[in-house]
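I have placed the structure first, in the form of structure tokens, so that the comments after it can refer back to it.
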Amino acid sequence: MTVELISVGTEILLGNIVNTNAAWLSEQCARLGLSCYYQSVVGDNAVRLKEQIQQALNRSDIVILTGGLGPTTDDLTKETAAQLMGKGLVMDMHSLKRVEAYFKARRIEMTENNKKQALCPEGAMVLDNDNGTAPGLILEENGKRMILLPGPPNELHPLFEQQVKPYLQKLSPEIFYSRTVKLCGIGESKAAAMIQDMIDAQTNPTIAPYAKTGEVHLRVTARAKDEQEGKKLVKPVIRELKKRFGEMVYTTKEERTLEEAVVKLLKKNKMSITCAESCTGGLLAGRIVNVAGASSVFQTGYVTYANQAKRRLLGVKKSTLREFGAVSTQTAKEMASGALAAAKADVAVSITGIAGPDGGTARKPVGLVYIGCSVQGHTIAQEYRFSGNREKIRDNAVSAALTLTRRCILENCSKKE
């Protein structure tokens, strides 16, 4: 079956908000075995919205609309969809009571226009919204289905998971089950070359490489009758990928990030970590402390943007800065070893570089970054050359630092065994 997504809202067209709903829904529909060939964004205009919905109904079995279900006059999704399906709007007393209860529980006066949210197309399946006021709706007519969902992601996601997903599962005879193998310390082209034979021979499941910032993700997808069969089909492929990439595989869990993998590794080995950052200005520390429970391994970090701070807080030698410069292997190593001593940590990672757009020279161009890592007294530093704008260079530096840290911890632990 085919599904089409229509996101409604002028604020999306103007770029005031990022349309994350379309990406999330696309992934969910793919997992359910639904083919999505078209996506669109329409502003709060009745004529254009009507044209877009009609076009979608002509070429797709299911149309999912997000947004435009609120209480204001420019919320037109429900009215337009009902008109195209030849349905009138009636007050759904169940939904009205839920809207009233929502405001009462928060001790907020409910204005009259909020009753509009309880108006539902005749014969529609009403989906209770436990995280907002506007209910979701499912309309069926002449073999076509329209699913209307609220725009806020914190309302859309649980409503889809709990009520829309079971509905769609009954319509599709098969599903797509996916697992992701996440790699660090390798580029996309090299990773693809290492599994080219598997890609050439693939039928079901399939493998698709994706380049991420400082990482490569291998999505393994199987077409199956249910999740149990899907798991069985992808299992041997996952096993082979782990065998080929070894320690470069940091997780096979979709939701796990590289920083989570590093924090987990630190906890496992009962190690603490600190950071000494120059050009990244605390981004690395931010990634680490964004992990729940990171306080058990991370207590302090250092942002030493100026040379004086590198000397005062980390003990970087004046002679090192004079002879080699702040952006150098020597400085990165002294930053790491200095942070290790100052924080009394087991692991320290340092970053120093030129993020641009200015400051580069022929000898030391923009994108040149040195990353140091000290694990229980053993210190190394590596040179990296990143391209792109300032933001991209800094993001790549953080990802590379996490990758190097993970590798150094693994090597240190293997020596002890």
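For the numbers below, each heavy atom of this structure counts, side chains included, while hydrogens, waters and symmetry mates do not. Note that the structure is a prediction, hence the values are computed from the model and not measured.
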Under a 4.5 Å cut-off applied to non-hydrogen side-chain atoms, are [X] and [Y] in contact?
X	Y	value
Val126	Leu137	yes
Phe103	Thr133	yes
Met146	Ile53	yes
Ile354	Cys279	no
Gln162	Leu127	no
Val237	Met198	yes
Met271	Gln376	yes
Leu5	Thr66	no

How long is the straight-line distance from [atom2] of [Y] back to [atom1] of [X], given to the nearest 0.5 Å?
X	Y	atom1	atom2	value
Ile273	Leu340	CD1	CG	10.0 Å
Arg223	Leu233	CZ	CG	11.5 Å
Glu141	Lys144	CD	NZ	12.5 Å
Glu227	Tyr177	CD	OH	5.5 Å
Asp395	Lys212	CG	NZ	13.5 Å
Leu65	Gln52	CG	CD	9.5 Å

Where do [X] and [Y] come nearest, in terms of heavy atoms and distance?
X	Y	result
Ser60	Thr2	CA-OG1, 3.3 Å
Ser272	Ala345	OG-CA, 3.3 Å
Ser26	Gln39	OG-NE2, 2.5 Å
Lys267	Ser296	CE-OG, 3.2 Å
Ile393	Gly367	CD1-CA, 3.8 Å
Pro150	Leu69	N-CD1, 3.6 Å

Could you check whether [Y] and [X], counting side-chain N and O atoms only, form a donor-acceptor pair closer than 3.5 Å?
X	Y	value
Gln55	Asn58	no
Tyr37	Arg59	no
Arg219	Thr180	yes
Ser7	Asn19	yes
Asn396	Ser399	no
Asn131	His157	no

Side chain to side chain contact (heavy atoms under 4.5 Å, CB included) evaluation trace for Leu168 with Ile147: CA-CA 10 Å; Leu168 293 174; Ile147 301 173; 3.8 Å; yes
From CA spacing to verdict: salt bridge (charged side-chain N to carboxylate O under 4.0 Å, His left out), Glu100, Lys104: CA-CA 6 Å; Glu100 291 172 341; Lys104 185 177 180 181; over 6 Å; no
Is the [atom1] atom of [X] crowded by more than 12 outside heavy atoms at less than 6.0 Å?
X	atom1	result
Glu109	CD	no
Gln308	CD	no
Lys392	NZ	no

Pair Leu96-Met91, side chain to side chain contact (heavy atoms under 4.5 Å, CB included): steps then yes or no: CA-CA 8 Å; Leu96 180 60; Met91 182 62 69; 4.3 Å; yes
For the backbone of [Y] and the side chain of [X], can you confirm whether one donor and one acceptor N or O come within less than 3.5 Å of each other?
X	Y	answer
Lys87	Leu139	no
Arg145	Glu140	no
Thr274	Thr300	yes
Arg244	Met194	yes
Lys116	Asp75	yes
Lys310	Thr304	yes
Asp92	Ala118	no
Glu277	Ala285	yes
Thr379	Lys333	no
Gln299	Ala343	no

Side chain to side chain contact (heavy atoms under 4.5 Å, CB included) between Leu404 and Ile380, intermediate numbers included: CA-CA 10 Å; Leu404 181 62; Ile380 66 165; 3.9 Å; yes
Sidechain N-carboxylate O distance under 4.0 Å for Glu260, Lys264: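 Salt bridge flag = no for Lys264 with Glu260.
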Ring-face cation of Arg98 near Tyr102 (centre distance under 6.0 Å, axis angle within 45°):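 Because its charged atom misses either the 6.0 Å distance or the 45° angle limit, Arg98 does not stack over Tyr102.
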Chi angles and distances behind the side chain to side chain contact (heavy atoms under 4.5 Å, CB included) call for Leu156, Leu25: CA-CA 9 Å; Leu156 183 148; Leu25 285 170; 4.1 Å; yes
Criterion salt bridge (charged side-chain N to carboxylate O under 4.0 Å, His left out) on Glu391 and Arg394, from CA distance to verdict: CA-CA 5 Å; Glu391 181 181 9; Arg394 295 170 80 216; over 6 Å; no
